[in-house]
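Notes to accompany the following structure.
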Amino acid sequence: MTGPSVTGAVAGDAQARVNALRALLERHAHAYYVLDSPTIPDADYDALFRELEALESAHPELITATSPTQRVGAPPLPAFTQVRHSVPMLSLANGFADEDIVAFDRRVRDGLSASDEVAYATELKFDGLAINLRYEAGVLVEAATRGDGATGENVTTNIRTIRAIPLRLQTAQPPAVIDIRGEVLMYKADFARLNARQRAAGLKEFANPRNAAAGSLRQLDSAITAQRSLRFFAYGVGLLEGAAMPPSHAALLDWYRQLGVPVCEHRKVVAGASGLLAFYREIGEKRSALPYEIDGVVYKVNDATLQQQLGFVARAPRYALAHKFPAEEASTVVQGIDVQVGRTGAITPVARLAPVSVGGVTVTNATLHNEDEVRRKDIRIGDSVIVRRAGDVIPEVVSFVPELRPLDAREFVMPTACPVCGSTILRLEEEAIARCSGGWLKCAAQRKGGLQHFVSRRAMDIEGLGEQLIDQLVDRKVINTPADLYRLGLVGLAELDRMADRSAQNVLAALEKSKATTLARFIYALGIRHVGEATAKALAAHFGGLDALLAASEEQLLEVDDVGPVVAGAIRTFLADPLNVELIAQLRAAGIHWTETTARVNAVLPQSGKTFVLTGTLPTLTREAAAALIEAAGGKVAGSVSRKTNYVVAGSDAGSKLAKAEELGVAILDEAALLQLLND
Ligand code: IVH
């Protein structure tokens, strides 16, 4: 025969296309999971994936175990088998206080008889599960959990569904055997989506991303794991045969990255205890902005030879230390559930807790958000619960511990009357929130809330008028409305508890100063429902003056950017109340003023229609100042980067927003370039 047969040619073409598709899919997955910079949209990836699936089903002889299509589809297991680790999987010694770190560094230097500073590799301590990945001749053959460190569970079929984990190492010369060790975890956003799906399906929610990752990996049916968006970061090595051990921890991770295995991007080699502590502080500040949860940072002597010299104590290496952050979660007991009344009358159930330290702060109250949330989470009085406090957010009750529920645990009953003013509590059918119907006239809680909002920094910015002072003023019936604030005198103020003459004078000065304001701040300060800062600014820009706003019909309000029927309705309802109209008149009579502009409905400013996003710390401008300059030039400031963003203004320590801007090709400005643009 001369030349290949016709079918042979077709199969050859198919083989070539299959190879090309696999290479493309692997490259895109690598860009996404290892380099953290996606190259194509998900839909395009899916299209390539489907093309490969179709070709493989037409030519089953071309299917290989490492094809990207072969991640899912293994039959469910009856049980996990056991895997004995070739090299035990150890744990880490923990440190908490700065002294623990200094002591660790001293132990290391003593152990090495080193007089100079030691170089440490620093990285994140991921809050997930430790996994060992065995690659033979570059192919993933087995994956096991840590178990007791000596023996773990064989979770290979589940691990194969994780796209971040390569089925084949990207190298022509793979080691004969390598155990790559690292952490499987779930990103916070994927965790939130998973819980939303569980809720919609009436299934149990997971308490945190770590439990979700563990639960997902413990599935006997890998089809379930495949739907769970798990991730992986490598941080260690077990058995290695047929290749030289890299000379340092940093070199090991660099090598992994080359092999196509994801590693932590927040890593550094630092010198001595001071370098370790600086890294700890740096990551502590970034912690809440990371897309995944960490419970600390990890320090490892960088040099592999020195690591060996130091060896192990018990089940942890002497060369490494985990420096833990204060826990963001803690367990405690619900002693009662009360309700709080907000400035719009919103009734929020609040759990009263046995005091517990969470992330270094003592927590005694945690929000339960609303009535439905209490039912959904099934939190009862007497329950042991997990409380979480992440970053600056209000502490919340995450879940209760079923095993510890006492027999006499009591369910929460939404009161029918406002605990502050006794008015009826109403809950409109379509709303999740129950409200006190008293309004600020009857309800002191709403009066206090309204006043607190009025004086707040982003509203009238009246310094020195804190919550306790407002409480006293309202309780003693010295003031009822924001207009009363401007009638306060030195004598009345100085009579209050813990109020020296001097502070009273400061409050009066702050009140005086607040009279010169902007229309947007004034509108925002009124506390109209659904009118936040952005809407207040849009209204001020649109109408230019207060009278035009007061006279606006619902149709005219709807012409304003960002104002829909709900907001327009809320504004009309507010202004239809003679008490509110009177309040506005009194405030103006008290001397509150601003510069009115001509309505700029159609005025085109240099940056009209342009959207800016601010990120990081600018060298001289505060965030507020930068935003004010942008808005004065007609631009808008948004909170997140999207394709619609025109400019990202980045300062030092800019994080994910900057990365997103680079990924989307959005123009990036520093402060100088911003000022230049606004001046042009
Ligand atoms: S190294 C011999 N590095 O922390 C050293 N562990 O408390 C073994 N972990 O079981 C571990 N991030 O699950 C190491 N960057 C990191 C880590 C890390 C998280 C976990 C791991 C380990 C546990 C030890």
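The first residue in the sequence is number 1, and the count goes up from there. For ligands, and for the atoms within them, numbers begin at 1 and follow the listed sequence. Atoms considered below: every heavy atom in the structure, side chains included; atoms not considered: hydrogens, waters and symmetry mates.
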Problem - ligand 1 contact on Leu92 by region, counting heavy-atom pairs under 4.0 Å - result: both

Exercise for the section: Please state whether the rings of Tyr45 and His28 are parallel, tilted or perpendicular, taking 30° and 60° as the class boundaries. Expected result: perpendicular

Exercise for the section: Give yes or no for whether the N/O distance cutoff of 3.5 Å, strictly under, is met between Lys125 and ligand 1. Expected result: yes

Handout entry: Within-cut-off N or O pair, Leu129 and ligand 1, under 3.5 Å
Key = no

Fill in the blank from the handout: Any heavy atom of Arg146 under 4.0 Å from ligand 1? The part involved is side chain

Practice task
State plainly whether the residues Glu123 and Lys300 are in salt-bridge range, i.e. N to O under 4.0 Å.
Solution key: yes

Problem - Tyr33 six-ring face occupied by Arg231 cation (under 6.0 Å, within 45°) - result: no

Practice task
State whether the shortest distance between N or O atoms of Tyr235 and N or O atoms of ligand 1 falls below 3.5 angstrom.
Solution key: yes

Problem - Proximity of Phe191 and Phe206 rings by center, below 6.0 Å - result: no

Problem - Contact check, Lys300 vs ligand 1, heavy-atom distance below 4.0 Å - result: yes

Handout entry: Tyr299 ring center near Tyr120 ring center (under 6.0 Å)
Key = no

Practice task
Determine, using heavy atoms of Pro317 and all atoms of ligand 1, whether some pair is separated by less than 4.0 Å.
Solution key: yes

Problem - Sub-4.0 Å heavy-atom approach of Leu124 to ligand 1 - result: yes

Practice task
Give the numbers and elements of all ligand 1 atoms closer than 4.0 Å to a heavy atom of Glu123.
Solution key: 3 (N), 15 (N), 16 (C)

